[in-house]
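First comes the structure, then the notes that go with it.
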Amino acid sequence: ERRVADEVALVALLDEVEVLERLVGARARWDKRLAELRTRLSRYPSAMDVTADYLKILERVAKDNNITLVQRKPQKEKRQGDCYEMPIDCTWEGDLSGLVHFLYALEQENVTMDMEDLSVSLVAGGKERLKGNFTLMCIYTREGGGPPVSATNAPTRPKPGSPLAISPEM
């Protein structure tokens, strides 16, 4: 019995070693992809409040796709390593076609935004009208990596040849 248990434990360890070896082997590929993604993030001065920039993009894309933003609540920016995240909690209304086009149009924008926690329900008594909530996570970097301080709402000019956003293919 002990011998069988030892053999089972050995097989489990060998399986784990195999998985770890594959992960280590793929690390260079993942590090390269991460570096590419980081170079494509929008970059703002450390003293700039980016809220207005992202709200303008969100409102323009919603309006262009017949989505009504009933409520928009930008949350406090959070630092995640050398990137920053600013969630915007939204309540919306529209139809299915508008929602699909809105989501696609957001993906095409030249900034990095990730849709989280999308909820969809029917509006009571409204034929084909939908409503719901979502959190739009705006992701970017800052020059110098320092903490943000309110200043201006204009983005910095990109350096020649530097991409600013993650492409939809990523």
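Bear in mind that the values here come from a model prediction, so they are computed numbers and not experimental data.
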Crowding at CD, E128 (>12 non-hydrogen neighbours, <6.0 Å): no

Whether Y140 and Y44 hold their rings parallel, tilted or perpendicular, with breakpoints at 30° and 60°: perpendicular

Approximate separation, where rounding is to 0.5 Å, of E107 CD and M115 CE: 10.0 Å

Partner set under side chain to side chain contact (heavy atoms under 4.5 Å, CB included) for T91, not counting sequence neighbours: V70, Q71, N133

E116 versus M137, closest heavy-atom pair with distance: OE1-CE, 3.5 Å

Verdict with supporting geometry, D49 and T51, side chain to side chain donor-acceptor pair (under 3.5 Å): CA-CA 6 Å; D49 181 3; T51 306; 2.7 Å; yes

Check: V111 and D53 side chains under 4.5 Å, non-hydrogen atoms: no

Nearest-0.5 Å distance that lies between atom CD in E18 and atom CD in E21: 7.5 Å

Non-hydrogen atoms of D95 and R129 that approach each other most closely: N-NH1, 4.1 Å

From CE (M86) to NZ (K76), nearest 0.5 Å: 13.5 Å

Heavy-atom side-chain contact between L41 and Y84 under 4.5 Å: no

Heavy-atom closest contact (K131 atom, L122 atom, distance): CE-O, 4.1 Å

Flag side-chain contact, heavy atom, 4.5 Å: T135 against Q75: no

Contact summary for E143 and S46, nearest pair of heavy atoms: O-CB, 3.5 Å

Straight-line distance of L58 CG to F134 CZ, nearest 0.5 Å: 5.0 Å

Hphob cluster co-occupancy, V100 + L130, side-chain heavy atoms under 4.5 angstrom: yes

Close side-chain approach of W30 to L23, heavy-atom, < 4.5 Å: no

Rounded distance [0.5 Å steps], NZ in K78 versus SG in C83: 14.5 Å

L20 CG to D15 CG distance, which is reported to the nearest 0.5 Å: 11.0 Å

Connected via hydrophobic side-chain network under 4.5 Å: Y104 and L96: no

Nearest heavy atoms of D82 and T141, plus distance in Å: O-CG2, 3.8 Å

Let me have the donor-acceptor pairs involving side chains of residues 59-69, under 3.5 Å, with sequence neighbours excluded, atom names and distances please.
residue : atom : partner : partner atom : Å
E59     : OE2  : R72     : NE           : 2.7
R60     : NH1  : E109    : OE2          : 3.2
R60     : NH2  : E109    : OE1          : 2.7
R60     : NH2  : E109    : OE2          : 3.2
N65     : ND2  : V61     : O            : 2.8

ILVMFWY cluster membership beyond L14 - transitive side-chain contacts under 4.5 angstrom: L10

